[in-house]
Amino acid sequence: MSAPGPDPDSMTMRERMHAGLPYRGEGTANETNHDASLSARTSAEAARMTDRYQRLDLDEPASAQALLCELLGSMGEDVRIRPPFHVDYGYNIHVGDRLFANFGLTILDVCDVRIGDDVQIGPHVQLLCPTHPLNPTDRRLMWEGGLPITIEDNVWLGGGAIVMPGVTVGHDSVVGAGAVVTKDIPPFSIAVGSPARVIRTIDPEERSGQYALENFPPSYREQVNRPSHRTDPSQEQNA
């Protein structure tokens with residue numbers, strides 16, 4: 001039988017934040033934890049790390065990647081996040097392989113943010129976990145909370161998209177530029193607007209317009225026409 005958790009009445013505000021309980025935001029930014037198993041990084045320390053990441057990125061990319069790996073809770077292979085990059089704490093962010101995020105990504109990670117493999121993120125996207133009470137007294141006294149965000153594999157978030165607390169974007173979906181995603185998006189969906197709504201389902205075999213199959217190199221056309229074809233990002237990159 002597992003040991004009982006800490007008494008909520010004796011928790012620090014940071015511990016309440018991690019537990020999914022209401023907390024006072026002013027009490028978490030520079031507060032460390034009593035529990036050594038949790039990260040004690042402050043938001044000020046995270047800000048210094050992202051500032052250093054931006055400065056290292058141009059001239060010392062290997063050092064920048066090492067710092068990014070230290071900043072995040074976990075990080076897959078071949079991850080590219082173009083600075084500036086802004087986080088609350090960093091350690092609640094978990095990203096898979098081959099993430100590409102363009103300039104200006106903001107992730108307010110008061111809760112877990114999980115980003116799958118092969119995700120593409122346009123410029124100035126925001127992933128916002130914090131919530132605030134509707135009760136005016138509670139809000140004035142700076143109580144807040146948070147809900148986790150999940151971006152599943154092979155999602156494309158268009159430039160300026162905002163993903164709100166508690167949302168899951170299903171695998172292989174596309175979120176249009178400027179969309180405000182307030183509810184879960186099913187897999188293989190195109191969602192646009194504010195609030196975002198699904199306008200159609202993606203056919204995995206669809207290729208049209210600029211991306212009609214005849215516009216691709218011959219080696220890639222041969223690859224996708226094989227009966228046993230399975231999507232392999234490394235093969236597609238080299239095709």
Side-chain angles (χ1 to χ4, degrees), residues 20 25 46 50 54 68 72-73 75-76 78-90 92-134 139 144-212 215 231 233 236:
T50 55
Q54 177 168 343
L68 183 63
L72 302 180
M75 186 176 90
D78 300 321
V79 169
R80 176 65 173 136
I81 300 177
R82 302 180 77 179
F85 173 41
H86 305 288
V87 303
D88 262 339
Y89 299 100
N92 287 322
I93 302 169
H94 305 272
V95 305
D97 297 337
R98 297 174 297 278
L99 165 69
F100 175 80
N102 220 319
F103 304 113
L105 174 61
T106 295
I107 304 180
L108 302 188
D109 60 311
V110 300
C111 295
D112 274 0
V113 175
R114 297 193 174 270
I115 301 174
D117 296 339
D118 302 300
V119 170
Q120 297 188 39
I121 299 178
H124 301 292
V125 165
Q126 301 176 57
L127 308 182
L128 308 179
C129 289
T131 64
H132 298 274
L134 297 180
R139 190 171 63 251
E144 59 183 278
L147 294 169
I149 289 173
T150 300
I151 310 297
E152 294 184 349
D153 294 349
N154 202 30
V155 165
W156 172 21
L157 301 178
I162 300 174
V163 180
M164 301 298 284
V167 164
T168 294
V169 179
H171 63 83
D172 297 286
S173 289
V174 175
V175 174
V180 179
V181 187
T182 61
K183 297 180 179 179
D184 291 353
I185 303 297
F188 291 104
S189 297
I190 298 176
V192 300
S194 177
R197 61 185 181 89
V198 175
I199 58 171
R200 70 179 179 94
T201 299
I202 296 170
D203 177 357
E205 301 301 319
E206 174 186 350
R207 293 182 177 87
S208 60
Q210 180 183 11
Y211 295 103
N215 292 334
T231 300
E236 291 184 8

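Reckoned from all heavy atoms, side chains included, excluding hydrogens, waters and symmetry mates.
By the ring-ring contact (aromatic ring centres under 6.0 Å, His included) test, His171 is found to be paired with Phe188, residues two or more places apart in sequence or in another chain being considered. Arg197 pairs by the side-chain contact (heavy atoms from CB on, under 4.5 Å) definition with Ile199, not counting sequence neighbours. Annotation: ring-ring contact (aromatic ring centres under 6.0 Å, His included) contacts of Phe85 (sequence neighbours excluded): none.
Counting only heavy atoms from C-beta outward, the side chains of Val198 and Ile190 never approach each other to under 4.5 Å. Side chains of Val174 and Val155 form no contact here, defined as non-hydrogen atoms less than 4.5 Å apart.
Of all the heavy atoms in Val79 and Gly76, the pair that sits closest is CG2-O, 3.5 Å. When all heavy atoms of Ala46 and Val87 are compared, the closest pair comes out as CB-CG2, 4.0 Å. Cys111 approaches Gly146 most closely through the heavy-atom pair SG-C, 3.2 Å. Residues Ile162 and Leu128 approach most closely at CG2-CD1, 3.7 Å, considering heavy atoms. The two atoms that bring Thr182 and Pro195 nearest to each other are OG1-CB, 3.8 Å, heavy atoms only. Smallest separation of non-hydrogen atoms from Ala161 and Val175: CB-CG1, 4.1 Å.
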For Ile81 and Leu99, run side-chain contact (heavy atoms from CB on, under 4.5 Å): C-alpha distance rounded to whole Å, both residues' side-chain angles, the deciding distance at 0.1 Å, then the answer. CA-CA 8 Å; Ile81 300 177; Leu99 165 69; 4.0 Å; yes
Ile202 and Asp172: side-chain contact (heavy atoms from CB on, under 4.5 Å), yes or no, with the steps? CA-CA 8 Å; Ile202 296 170; Asp172 297 286; 5.9 Å; no
Could you please spell out the steps behind the side-chain contact (heavy atoms from CB on, under 4.5 Å) verdict for Val113 and Asn92? CA-CA 6 Å; Val113 175; Asn92 287 322; 5.9 Å; no
Step by step, would you call Met75 with Leu68 a side-chain contact (heavy atoms from CB on, under 4.5 Å)? CA-CA 8 Å; Met75 186 176 90; Leu68 183 63; 3.7 Å; yes
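Taking CD1 of Ile115 as the reference point, atom CG of Asp153 lies at 11.5 Å (rounded to 0.5 Å). Considering CD1 of Ile149 and CG of Leu127, their distance stands at 5.5 Å, rounded to 0.5 Å. Taken to the nearest 0.5 Å, the CG atom of Leu108 stands 4.5 Å off from the CG atom of Asp88. The CD1 atom of Ile107 sits 8.5 Å away from the SG atom of Cys129 when rounded to the nearest 0.5 Å. The structure places CZ of Arg82 at 5.0 Å from CZ of Phe100, a figure rounded to the nearest 0.5 Å. Atoms CG and CD1, from Leu157 and Ile151 in turn, are 5.0 Å apart once rounded to the nearest 0.5 Å.
The side chain to side chain donor-acceptor pair (under 3.5 Å) test with Arg98 singles out one residue from Asp78, Asn154, Asp118, and that residue is Asp118.
Under the 3.5 Å distance criterion, the side-chain polar atoms of Asp117 are left unmatched by any main-chain donor or acceptor of Gly96. A distance-only check finds a donor-acceptor pair linking the side chain of Asp109 to the backbone of Tyr89 [under 3.5 Å]. Arg114 places no side-chain N or O within 3.5 Å of a backbone atom of His94 that could act as its donor or acceptor partner. A distance-only check finds a donor-acceptor pair linking the side chain of Ser173 to the backbone of Pro186 [under 3.5 Å].
For Glu206, the CD atom sits in a packed shell: over 12 heavy atoms of surrounding residues, nucleotides or ligands are nearer than 6.0 Å.
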